[in-house]
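To start, the structure under review is shown below, and the notes come after it.
Computed from a predicted structure; not experimentally measured. We're numbering straight along the sequence, starting at 1.
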Amino acid sequence: MMSKLFAAFLSLWMFAVSVPVMAQQPDVNANPQPAVEAASPQAQTAQQLEAARTNIVRLTDLVAKAADDDNRLAELKVEVDVAAKQIIATSVATRPRLDEIKARLAELGDAPAEGAPPEADVVAQERKRLLAERGEINALTGTAEDLSIQATKLSNGITGTRRALFSNTLLKHTDINRTMVMDAIAALSLERQAFMRTVGSWLTFAWNFKRLQLLTALFLSLCAALILLAGTRRLFFPLIHREALSEEPGYITRLSVAFWSTMIPTMAMAVFATTSYFFLQVFKVLRPDIAPIISITLAICVALLFVSTLANAVLAPRQSAWRLVRVSDHGARLLVFAIFAMTVVNSLDYLAGTISEVMGSPVVFTVVKSLIASIIIGLILMAMSLIKPILAAGDTLNGQGKPWPRAVSLLFVVTGAALIIATLAGYVGLARFIATQIVMTGAILVTMYIGILTGKAIAKQNALADTVVGRYLEKRFGLGQVALDQAGLAAGLGIYVLVVLFFIPLLLLQWGFKIADIEAWAYRIFTEIKIGSITISIVGIFAGVLMFAAGYVVTRWFQRWLDGSVMARSRIDTGVRNSVKTGVGYLGMGLASLIGISAAGLDLSNLALVAGALSLGVGFGLQNIVSNFVSGLILLVERPFKVGDWVVTGTTEGFVRRISVRATEIETFQRQTIMVPNSLFINASVGNWTHKNKLGRSDIPVTVSYDSAPRQVMDTLLQIAAAHPLVLKNPEPLAVFSAFGDATMTFELRVYLADIVNGNGVRNDLRLAIYERFKDEGLGAPFPKEAIEPETPPPGPEADARALEAEAAGPTEALSPEEAVKRSGTQRRPRRVSVEAVGDRD
């Protein structure tokens with residue numbers, strides 16, 4: 001079992017390479033068929049089915065010979081499944097031709113009935129040929145179905161045989177008696193002598209004849225170990241270092257340190273063991289009788305490091321602040337010792353069993369060694385029930401603990417007693433299996449649980465920032481809170497994936513499954529997930545996503561290169577550059593999407609269904625989206641305005657910042673960004689101040705009183721315009737008398753600017769100059785003026801009395817209006833009259 005764990009590291013690492021190979025691997029056992037161009041498709045299919053029949057017969061014979069070899073049966077099951085898939089693929093390949101034949105026969109119709117006029121010979125011969133071909137295809141399809149059924153029965157038979165082998169191995173009964181023990185004692189001396197002789201001869205052979213290769217392999221292994229140690233310490237030091245803190249570390253920090261301080265050394269040790277074995281094999285230093293012993297020894301080293309590191313990470317007997325469970329210091333030390341002792345006993349049992357198998361020792365000797373190991377592990381479990389690690393509320397970690405709860409203590413006692421009873425009853429294989437699962441499966445499950453808790457804790461909001469890694473990332477790369485939260489979420493998902501991909505295969509290996517089984521299941525999961533009649537390939541989808549991402553990156557790079565290196569040097573207009581860049585972007589994204597869909601294995605012909613659904617959606621509510629999309633394409637092609645233009649549409653006025661296929665981004669003078677649907681630019685009137693050029697006219701209205709001389713006002717305005725450096729001389733400025741008001745006259749100063757975008761600044765300068773000149777020359781106020789007019793007060797009692805007195809006095813001499821008003825007492829209130837100026841376009 002320990003050697004299986006060691007082999008799993010290398011085989012799972014190679015799985016990524018083996019998946020595409022399995023998908024494309026031809027049947028090497030089938031008889032090679034020469035490529036005959038003249039052979040019909042039916043003949044080629046018949047040859048393939050005959051080769052498949054031969055292969056099924058060969059596999060059936062191999063399964064019968066390997067009825068007692070579980071590893072070989074697992075490999076044969078993979079071959080049988082591949083053969084079954086090839087048979088199904090061969091049968092499916094004939095369906096298009098069969099559909100064509102059926103369609104053609106339907107066009108020809110049935111043969112004429114008796115007494116009916118005969119049909120043409122060409123039609124009769126065509127129908128006869130098609131019917132014969134259809135019969136051949138139906139016969140081939142029947143043959144393929146029979147072969148597929150045979151392959152399925154053979155695969156199910158292999159599964160049943162392996163299940164029976166596993167059950168027989170576990171439930172095999174051995175009589176425990178004095179004779180067996182004496183035979184084992186006698187075999188001990190022989191095995192020890194054979195082992196010393198084998199190891200000694202191998203060392204002598206390696207030193208005398210393979211010295212250079214041996215030293216090179218050891219040197220490379222040490223270099224790999226040093227690189228791993230230095231690399232892991234440099235890269236993962238913040239994840240595994242338990243720094244001295246003034247206060248107790250947080251739970252998430254303890255979880256992450258426990259998980260990574262277990263995983264990183266274990267993976268480093270596994271890689272070191274794998275490279276060491278690889279180099280020894282490559283340089284042909286290992287002999288067939290030594291290779292299994294070296295392999296199991298390296299696997300034991302990995303297992304011992306894994307279990308001991310995990311126990312120290314969880315219980316932390318020397319650093320109570322980092323302990324994940326609340327137990328006393330003394331109890332933590334005893335628990336770590338008991339767990340390590342069980343691991344050592346179990347590992348030595350597997351090592352001794354491998355040595356006995358290599359040395360050809362009697363089976364009774366292996367049984368006795370497993371019996372002793374199982375009894376020792378049972379006694380250790382029973383002794384663990386006597387440990388007192390539990391702390392009451394308020395007790396210190398270095399205080400005296402209390403016994404386990406009754407249920408936990410009873411579980412230890414029952415499990416240990418069951419191991420001992422099963423062993424003494426003769427079920428040594430079952431006891432050995434249970435003992436192994438207690439140690440290894442328990443360690444794997446604990447690590448998985450810690451990993452899941454770590455991923456869950458890190459993925460929480462604001463969790464990563466409080467850890468050592470988060471502070472390091474913030475200090476080293478200047479990441480903010482949002483970036484750290486996103487990194488924490490990605491790290492949590494990555495830990496989940498790592499836990500599933502790494503530990504699930506290890507659990508399956510522990511429970512009797514073979515590497516070939518795991519590879520076949522993984523291949524099926526990643527390439528053949530069936531939902532009804534639809535087959536989904538995770539590998540294909542991943543490849544499609546990668547191809548789309550690559551196409552996206554290439555498109556963006558080509559856009560930047562085309563815009564910055566080609567069009568910029570050609571001095572192409574900004575609007576043209578934007579249109580070309582946008583068009584290239586959409587074209588590249590479309591091509592990347594098609595390439596990604598094809599790489600994902602999706603049939604592009606199925607896009608017709610999507611198009612039909614889209615057309616249906618257009619009829620129910622996507623008209624505006626499609627209208628905007630088409631309008632955007634029209635704007636990009638016709639270019640009625642471009643990026644940087646000053647446009648006016650409806651109540652929106654500003655500069656165009658971006659044109660997309662759905663909407664156009666406009667930035668107003670107040671720096672507000674407005675997204676205007678493209679259909680509005682196509683269906684409504686749009687003003688563009690900078691369409692062909694930036695030349696434009698700016699008008700400034702000026703109002704003065706009637707006391708001013710109109711011609712002097714106009715001359716003064718032209719002089720002011722001529723003095724401004726941004727006002728064009730051609731076309732020349734123009735001053736016009738535009739309107740009469742109630743109390744003012746209105747003039748307009750019309751000037752032409754080379755860049756109408758600068759109109760606001762020019763108008764501001766001209767207004768200031770107009771105000772100052774008019775004030776200096778006394779031309780009146782160049783702005784709306786308020787006029788005061790007499791206003792008759794509303795009638796009242798006092799006004800009526802004065803009117804009667806004036807009438808009684810008779811006629812009076814002519815008086816000035818002012819005197820008449822004073823005498824009549826009807827003082828009028830001033831009325832304000834506001835004269836509105838002509839609107840100013842700013």
Note to self: Any salt bridge linking Lys85 with Asp81? Criterion: basic side-chain nitrogen under 4.0 Å from a carboxylate oxygen.
What the structure shows: no

Check [X] against [Y] and note the closest heavy-atom contact, atom names and distance.
{"X": "Ile296", "Y": "Ile293", "value": "CG2-O, 3.1 Å"}
{"X": "Ile458", "Y": "Gly488", "value": "CG2-O, 3.5 Å"}
{"X": "Thr415", "Y": "Leu411", "value": "OG1-O, 2.8 Å"}
{"X": "Leu335", "Y": "Trp404", "value": "CD2-CZ2, 3.7 Å"}
{"X": "Ala303", "Y": "Met440", "value": "CB-CE, 4.2 Å"}
{"X": "Gly331", "Y": "Pro389", "value": "CA-CB, 4.0 Å"}

Margin query: Going by the rule salt bridge (Lys or Arg N to Asp or Glu O under 4.0 Å), which residues pair with Arg560 if we only count those two or more places apart in sequence or in a different chain?
Written below: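 Residues passing salt bridge (Lys or Arg N to Asp or Glu O under 4.0 Å) with Arg560: none at all.
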
Item checked: Residues in side chain to side chain donor-acceptor pair (under 3.5 Å) contact with Ser308, at least two apart in sequence or another chain ->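 Expected list: none.
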
Next item on the list: Would you please name every residue forming a side chain to side chain donor-acceptor pair (under 3.5 Å) with Ser370, sequence neighbours left out?
Entry: Asp349

Donor-acceptor under 3.5 Å ([X] side chain, [Y] main chain):
{"X": "Gln437", "Y": "Gln510", "result": "yes"}
{"X": "Thr275", "Y": "Phe272", "result": "yes"}
{"X": "Thr441", "Y": "Ile438", "result": "no"}
{"X": "Ser295", "Y": "Ala291", "result": "no"}
{"X": "Ser385", "Y": "Leu381", "result": "no"}

What pairs with [X] under side-chain contact (heavy atoms from CB on, under 4.5 Å), at least two apart in sequence or on another chain?
{"X": "Ala89", "result": "none"}
{"X": "Thr152", "result": "Ser148, Asn156"}
{"X": "Pro403", "result": "Lys388"}
{"X": "Val446", "result": "Leu310, Val314, Ile450"}

Checklist line | Phe503 atom CZ, over 12 foreign heavy atoms within 6.0 Å | finding: yes

Next item on the list: May I have all residue pairs that pass salt bridge (Lys or Arg N to Asp or Glu O under 4.0 Å) and include part of residues 324-335, sequence neighbours excluded?
Entry: Arg323-Asp329

Return the [atom1] to [atom2] distance between [X] and [Y], rounded to the nearest 0.5 Å.
{"X": "Leu315", "Y": "Ser320", "atom1": "CG", "atom2": "OG", "result": "12.0 Å"}
{"X": "Ser409", "Y": "Met382", "atom1": "OG", "atom2": "CE", "result": "10.0 Å"}
{"X": "Leu506", "Y": "Leu501", "atom1": "CG", "atom2": "CG", "result": "11.0 Å"}
{"X": "Thr161", "Y": "Asp69", "atom1": "OG1", "atom2": "CG", "result": "12.0 Å"}
{"X": "Thr436", "Y": "Ile377", "atom1": "OG1", "atom2": "CD1", "result": "6.5 Å"}
{"X": "Leu498", "Y": "Met263", "atom1": "CG", "atom2": "CE", "result": "5.0 Å"}

Next item on the list: Under the ring pair (Phe, Tyr, Trp, His ring centres under 6.0 Å) rule, collect the residues that match up with Phe279, sequence neighbours excluded.
Entry: none

Next item on the list: Could you pull out all residues at least two apart from Phe558 that satisfy ring pair (Phe, Tyr, Trp, His ring centres under 6.0 Å)?
Entry: Trp561

Validation row: [X], [Y] side chains within 4.5 angstrom (heavy atoms):
{"X": "Arg318", "Y": "Asn312", "value": "no"}
{"X": "Ile300", "Y": "Leu348", "value": "no"}
{"X": "Leu220", "Y": "Phe278", "value": "no"}

Notebook entry, point to check: Step by step, would you call Ile387 with His330 a side-chain contact (heavy atoms from CB on, under 4.5 Å)?
Noted result: CA-CA 9 Å; Ile387 299 176; His330 182 67; over 6 Å; no

Note to self: Using side-chain contact (heavy atoms from CB on, under 4.5 Å), reason through Tyr350 and Arg432 one step at a time and then give a plain yes or no.
What the structure shows: CA-CA 10 Å; Tyr350 278 97; Arg432 184 186 185 189; 3.2 Å; yes

Notebook entry, point to check: Got a sec, which pairs hit side chain to side chain donor-acceptor pair (under 3.5 Å) with one end in residues 451-461, sequence neighbours left out?
Noted result: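 Pairs touching residues 451-461 that pass the test: none.
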
Note to self: Applying side chain to side chain donor-acceptor pair (under 3.5 Å) as the test, list every pair that has at least one member in residues 475-502; sequence neighbours left out.
What the structure shows: Asn462-Gln481, Gln481-Asp485

Checklist line | Trace of the side-chain contact (heavy atoms from CB on, under 4.5 Å) decision for Phe259 with Val499 | finding: CA-CA 10 Å; Phe259 179 72; Val499 168; 4.1 Å; yes

Check: Given Val307 and Met342, is the side-chain contact (heavy atoms from CB on, under 4.5 Å) satisfied, shown in steps?
Finding: CA-CA 10 Å; Val307 176; Met342 286 193 297; over 6 Å; no

